[in-house]
Q: 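Here it is, the structure in full.
Small disclaimer: the values here were computed from a predicted structure and weren't measured.
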There are 2 protein chains.
Amino acid sequence: MMRTLIKDSINRVGAEIVINGFVQTRRNLGKIIFLDIRDRSGLVQVVCAPSELGEDYDAVKEVRPEFVVEIKGMVNKRNEKNINSALATGTVEILAKGFKILAKAEPLPLDPADEKMGLDVYLDLLPLTLRTEKNRALFKIQAEIINAFRSFLISYDFVEFPCPKIVGASTEGGANVFKVDYFGQPAFLAQSPQFYKQIMVGVFERVFTIGNVYRAEEHATTRHINEYTSLDLEFGFIKDHLDVINLEIEFLRFLKGFLVERVSSELKFWNYQEMKIPKEVPIMKLREAQELIKKETGVDHTAEPDLEPGEEQWLGEYALRQYDSDFIFITHYPTAKRPMYTYPDEADQEFTKSFDLLFRGIEVTTGGQRINDYNQLVANIKKWGLQPENFKFYLEAFKYGMPPEGGLAIGLERLTARLLGIDNIKRATLFPRDLNRIDLQINH
Amino acid sequence: MMRTLIKDSINRVGAEIVINGFVQTRRNLGKIIFLDIRDRSGLVQVVCAPSELGEDYDAVKEVRPEFVVEIKGMVNKRNEKNINSALATGTVEILAKGFKILAKAEPLPLDPADEKMGLDVYLDLLPLTLRTEKNRALFKIQAEIINAFRSFLISYDFVEFPCPKIVGASTEGGANVFKVDYFGQPAFLAQSPQFYKQIMVGVFERVFTIGNVYRAEEHATTRHINEYTSLDLEFGFIKDHLDVINLEIEFLRFLKGFLVERVSSELKFWNYQEMKIPKEVPIMKLREAQELIKKETGVDHTAEPDLEPGEEQWLGEYALRQYDSDFIFITHYPTAKRPMYTYPDEADQEFTKSFDLLFRGIEVTTGGQRINDYNQLVANIKKWGLQPENFKFYLEAFKYGMPPEGGLAIGLERLTARLLGIDNIKRATLFPRDLNRIDLQINH
């Protein structure tokens with residue numbers, strides 16, 4: 001008999017079906033054993049009685065949580081008073097007629113759903129702790145964020161490309177890169193697909209790439225991980241950075257609808273608040289933001305090149321209060337503090353047409369317009385104290401004609417965390433790597 | 001005025017439009033200059049005359065191939081005798097009324113479309129050579145292969161997950177891994193997402209992941225690269241490896257239709273032959289294949305653990321001749337020569353329920369059923385001379401219950417190459433890394 005998915009059992013009342021799944025819980029009521037069985041589609045209650053199961057009942061007595069089983073049974077309506085409205089299949093239960101263990105499980109070392117579990121214990125046991133309803137919901141939502149990003153961009157003629165991660169020099173010419181032994185030569189793990197996506201604008205005009213990026217930052221915080229997923233896009237024939245900002249706003253609106261359509265039940269497991277995206281999302285220059293903070297709080301950071309975490313949080317609250325917006329774009333970071341490819345504002349060369357996007361007070365995107373003129377880019381590389389010779393491959397894209405262009409990068413795990421009210425980014429990352437941990441293999 | 005895409009110009013006859021694009025070619029006819037302009041949607045002929053352009057004509061005189069331009073002009077029907085049927089916009093031309101250079105280009109060092117160009121020259125100049133119609137078609141097709149893989153799997157409840165690539169030990173416990181300096185500790189670049197996708201079967205039942213994988217193989221051949229894109233899937237509740245094989249056949253059928261639907265014009269630039277996928281795709285055990293080769297060719301390799309390239313090619317031709325199939329699955333590789341997680345056939349433990357898929361005589365997929373029983377897996381790890389302690393994290397997935405499961409990995413670049421009749425895999429890889437090359441940065 002073909003397997004029936006658990007969520008479909010409610011449509012098979014009175015029929016005999018076969019389900020496959022994991023034992024979620026087991027409750028003994030005298031000789032009757034109740035099992036909650038979980039598959040990828042949902043959870044259902046199964047009633048196991050010796051009178052119905054005969055010899056198969058011995059297997060039922062053996063099972064514990066996470067045993068993998070195949071059950072043949074009759075789908076019965078529950079009595080009115082036994083209906084479990086918290087469960088999608090709560091109007092039915094399955095009376096087992098046949099029972100087979102497909103795989104055994106050792107006794108669980110803890111309750112995987114224990115909310116008080118420490119982070120280290122949670123991470124040490126990921127192959128088990130990821131199986132809870134709440135975590136399955138979380139990473140299903142994350143998969144749909146990826147899906148939304150891709151679907152949105154494909155509908156606008158963006159072409160996906162697989163981006164190499166082993167590079168011969170670091171993207172930003174800076175520190176914090178992981179070194180790879182490449183057949184005896186030094187190579188590095190890319191900090192971003194920046195150079196490649198710009199090169200690809202010359203090929204396809206509009207491109208995106210989704211992949212791992214690497215930051216060898218030696219701190220362990222709640223908002224940094226050393227390997228994360230970057231949702232990157234880049235496109236040509238823009239007017240300025242505002243075209244990039246507007247595309248991102250449009251994506252966020254699309255994402256909002258996409259999630260409701262595809263994972264509305266998963267969102268309920270988390271502290272999901274629908275994203276507030278007003279008609280006019282606030283866009284503010286860094287210096288304006290700093291002046292505002294000075295005026296409102298008395299703290300004078302108007303000469304600083306970036307915002308501090310507390311200031312980002314303040315601006316997030318301000319955007320919500322003043323504009324009913326979960327988002328605020330901060331533009332015009334100082335030229336001297338941004339990478340050499342960042343486009344300076346013609347009106348004031350000290351500041352760039354770059355931006356960060358704060359989502360509920362935390363940066364989730366960096367983007368902007370890039371320099372597309374070959375000579376200007378070469379001059380900038382020199383001004384940054386770097387050697388144009390080291391960027392020869394990248395520079396070819398500009399030497400042979402590049403339209404005005406820009407793009408952005410969204411940190412997938414940060415976006416997920418902000419969206420679902422998760423404080424520590426490691427909880428929003430499937431297998432987080434940090435200074436102290438690569439799963440159990442580096443683990444102090 | 002809003003930009004019009006070049007492909008849409010044929011619908012705007014008699015109207016004034018603005019196009020943006022790259023100069024593909026320039027031809028002077030006395031004072032009249034003809035330009036072919038390329039954007040992401042196509043190519044169109046633009047007629048530039050001093051009488052129409054006035055001062056803007058000076059800019060026209062300056063342009064060379066790969067200049068980026070914005071042109072305002074009138075869309076005119078061509079005379080019957082001037083219609084270019086090879087061009088999608090061949091029934092029209094644009095009479096320029098305004099002309100602006102958006103970005104200049106240096107004189108090209110060569111014709112990027114020169115078919116006789118050597119591989120090293122081609123690779124040194126990728127930011128330019130990728131811009132040809134033929135290469136844009138190629139990597140658009142590759143993007144659609146990724147798109148097909150994902151669309152197909154999502155429709156079957158597979159969940160995508162981002163897989164880490166920095167690992168604390170090599171996946172297969174073998175050699176050929178790149179070493180990373182991880183804050184002073186040794187770490188490695190993953191050879192495959194194998195362990196993670198198996199772990200994720202315990203979470204979502206059906207998963208896929210698309211990402212870079214790494215092989216530190218010290219040879220430079222036409223079928224190997226050191227960083228490539230792996231299309232990986234894994235799923236639970238299978239009967240055996242045949243379920244995995246059947247899913248792949250179904251995917252290939254889907255891909256065939258998907259490509260025709262989405263990139264039929266791009267396929268024409270290459271030696272694309274529609275995939276022959278008969279109703280019954282041949283499936284043969286390794287030993288049967290070797291016996292057949294012995295019988296037909298006299299070469300006795302019936303004790304070898306794998307096929308040689310020449311034998312794969314022979315089997316590809318045999319499949320085409322006998323079954324009208326571009327594909328043949330070879331199963332039952334020897335247990336001793338496959339990774340420790342490979343499922344041994346109950347009927348003959350010396351051989352595994354694993355398979356390779358040959359596409360026109362070259363392996364493009366490896367897959368099979370995996371051991372899902374915890375104790376059997378631990379025993380195998382020991383038998384392979386490895387330490388279970390080193391696989392503790394991976395083993396948790398099995399310790400706490402894992403359904404019978406299997407999966408496969410498709411090499412994206414190899415599949416692309418076979419599909420389009422490309423001999424050297426480096427031509428089917430955007431930015432190939434090999435022993436001697438990381439773009440221009442390691443380049444002997």
Q: Which atoms of A:P107 are under 4.5 Å from chain B, going by heavy atoms: the side chain, the backbone, both sets, or neither?
A: backbone

Q: Is it the case that atom NZ in A:K392 sees more than 12 heavy atoms from other parts of the structure closer than 6.0 Å?
A: no

Q: Side chain, backbone, both or neither: which part of B:I225 has a heavy atom under 4.5 Å from chain A?
A: neither

Q: Locate the shortest heavy-atom distance separating A:V203 from B:L130; write the atom from each residue and the value.
A: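 Taking A:V203 first and B:L130 second, the nearest heavy atoms are CG1-O, 3.4 Å.
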
Q: Please classify the contact between A:E218 and chain B as side chain, backbone, both or neither, with a heavy-atom cut-off of under 4.5 Å.
A: both

Q: With a 4.5 angstrom heavy-atom cut-off, is it the side chain or the backbone of A:Q376 that approaches chain B, or both, or neither?
A: neither

Q: Given a strict heavy-atom distance threshold of 4.5 Å, which part of A:V68 is in contact with chain B: side chain, backbone, both, or neither?
A: side chain

Q: Which region of B:P112, side chain (C-beta onward) or backbone (N, CA, C, O), has a non-hydrogen atom less than 4.5 Å from a non-hydrogen atom of chain A, or is it both or neither?
A: neither

Q: Between CZ of B:F393 and CG of A:L126, what distance do you get to the nearest 0.5 Å?
A: 4.5 Å

Q: Which one wins on heavy-atom pair count under 4.5 Å against chain A: B:E106, B:R150, B:K140?
A: B:R150

Q: Pick from A:K179, A:E227, A:E66: which one has the most heavy-atom pairs with chain B under 4.5 Å?
A: A:E227

Q: Hey, which of B:L5, B:N20, B:L102, B:D181 has the most heavy atom pairs under 4.5 Å with chain A?
A: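 Most pairs with chain A among the choices: B:N20.
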
Q: Find the distance between CG (A:L440) and CZ (B:F391) and round it off to the nearest 0.5 Å.
A: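 Atom-to-atom, A:L440:CG and B:F391:CZ are 13.0 Å apart.
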
Q: Counting neighbours of NZ on B:K104 that are heavy atoms of other residues, nucleotides or ligands and sit closer than 6.0 Å, is the number greater than 12?
A: no

Q: So for B:E144, is it side chain, backbone, both, or neither that comes closer than 4.5 Å to the heavy atoms of chain A?
A: neither

Q: By number, which residues in residues 394-404 of chain A have some heavy atom less than 4.5 Å away from chain B?
A: A:E396, A:A397, A:F398, A:K399, A:Y400, A:G401, A:M402, A:P403, A:P404

Q: Flag the one option from A:Y214, A:Y228, A:F67 with the top tally of heavy-atom pairs under 4.5 Å to chain B.
A: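 Greatest number of close heavy-atom pairs with chain B: A:Y214.
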
Q: Is it the side chain or the backbone of A:D373 that comes within 4.5 Å of chain B heavy atoms, both, or neither?
A: neither

Q: For A:I101, is it the side chain, the backbone, both or neither that has a heavy atom under 4.5 Å from a heavy atom of chain B?
A: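 For A:I101, no heavy atom lies under 4.5 Å from chain B.
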
Q: With side-chain contact (heavy atoms from CB on, under 4.5 Å) as the test, would you mind laying out the steps for B:N212 and A:N212 before giving the verdict?
A: CA-CA 9 Å; B:N212 300 33; A:N212 301 33; over 6 Å; no

Q: Chain A: which of B:A103, B:A143, B:G202 shares the most heavy-atom pairs with it under 4.5 Å?
A: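 Max contact count across the listed options: B:G202.
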
Q: With a 4.5 Å cut-off on heavy-atom pairs, point out which of B:L108, B:V69, B:L125, B:N135 contacts chain A the most.
A: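 The residue among B:L108, B:V69, B:L125, B:N135 with the greatest pair count is B:L125.
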
Q: Using non-hydrogen atoms and a 4.5 Å limit, figure out which bit of A:I146 sits close to chain B: side chain, backbone, both or neither.
A: side chain

Q: In terms of heavy-atom pairs under 4.5 Å with chain A, which of B:F22, B:Y374, B:Y196 leads?
A: B:Y196

Q: For the residue pair B:F431 and A:I199, establish whether any side-chain heavy-atom pair is separated by less than 4.5 Å.
A: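 A side-chain contact under 4.5 Å exists here.
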
Q: Where on A:K165 is there a heavy atom nearer than 4.5 Å to chain B: the side chain, the backbone, both, or neither?
A: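 Contact with chain B: backbone and side chain both.
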
Q: Is it true that a side-chain atom of B:E205 and a backbone atom of A:D39 form a donor plus acceptor pair closer than 3.5 Å?
A: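 Side chain of B:E205 to backbone of A:D39, a donor-acceptor pair under 3.5 Å: no, none is there.
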
Q: Does B:F183 reach the side chain of A:N226, with side-chain heavy atoms less than 4.5 Å apart?
A: yes

Q: Show your working on side-chain contact (heavy atoms from CB on, under 4.5 Å) between A:V167 and B:R433 and close with a plain yes or no.
A: CA-CA 9 Å; A:V167 294; B:R433 275 86 177 98; 4.2 Å; yes

Q: Between A:N375 and chain B, which part of the residue has a heavy atom less than 4.5 Å away: side chain, backbone, both or neither?
A: neither

Q: For chain B, which of A:R64, A:R38, A:E217 has the most heavy-atom pairs under 4.5 Å?
A: A:E217

Q: Hey, does the Lys NZ or Arg CZ of A:R3 hover above the aromatic six-ring of B:F237, less than 6.0 Å from the centre and inside 45° of the axis?
A: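 Judged by the rule, A:R3 and B:F237 form a cation-pi pair.
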
Q: Give, as side chain, backbone, both or neither, the part of B:E405 having an atom under 4.5 angstrom from any heavy atom of chain A.
A: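 Contact with chain A: none, neither part.
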
Q: For this output row, return yes or no: ring centroids of B:F139 and A:F204 closer than 6.0 angstrom.
A: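 No, too far apart.
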
Q: Under a 4.5 Å heavy-atom cutoff, which of B:Q142, B:M200, B:E413 has the most pairs with chain A?
A: B:M200

Q: Could you check which of A:S41, A:G21, A:S151 has the highest count of heavy-atom pairs closer than 4.5 Å to chain B?
A: A:G21

Q: Measuring from A:I166:CD1 to B:L189:CG, what's the distance to the nearest 0.5 Å?
A: 5.5 Å

Q: Ring-plane angle category for B:F178 and A:Y182, please: parallel below 30°, perpendicular beyond 60°, tilted otherwise.
A: parallel

Q: Which members of residues 157-164 of chain B, sorted by number, sit under 4.5 angstrom from chain A on a heavy-atom basis?
A: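 Counting heavy atoms that sit under 4.5 Å from chain A, the residues of residues 157-164 of chain B involved are B:D157, B:V159, B:E160, B:F161, B:P162, B:C163, B:P164.
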
Q: Given that the side chain runs from C-beta out, which part of B:L430 has a heavy atom under 4.5 Å from chain A: side chain, backbone, both or neither?
A: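 Answer is side chain: those atoms of B:L430 sit under 4.5 Å from chain A.
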
Q: Checking the side chain of B:R40 only, and the main-chain atoms of A:R206 only, is there a donor and an acceptor separated by less than 3.5 Å?
A: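 No, B:R40 side chain to A:R206 backbone: no donor-acceptor pair under 3.5 Å.
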
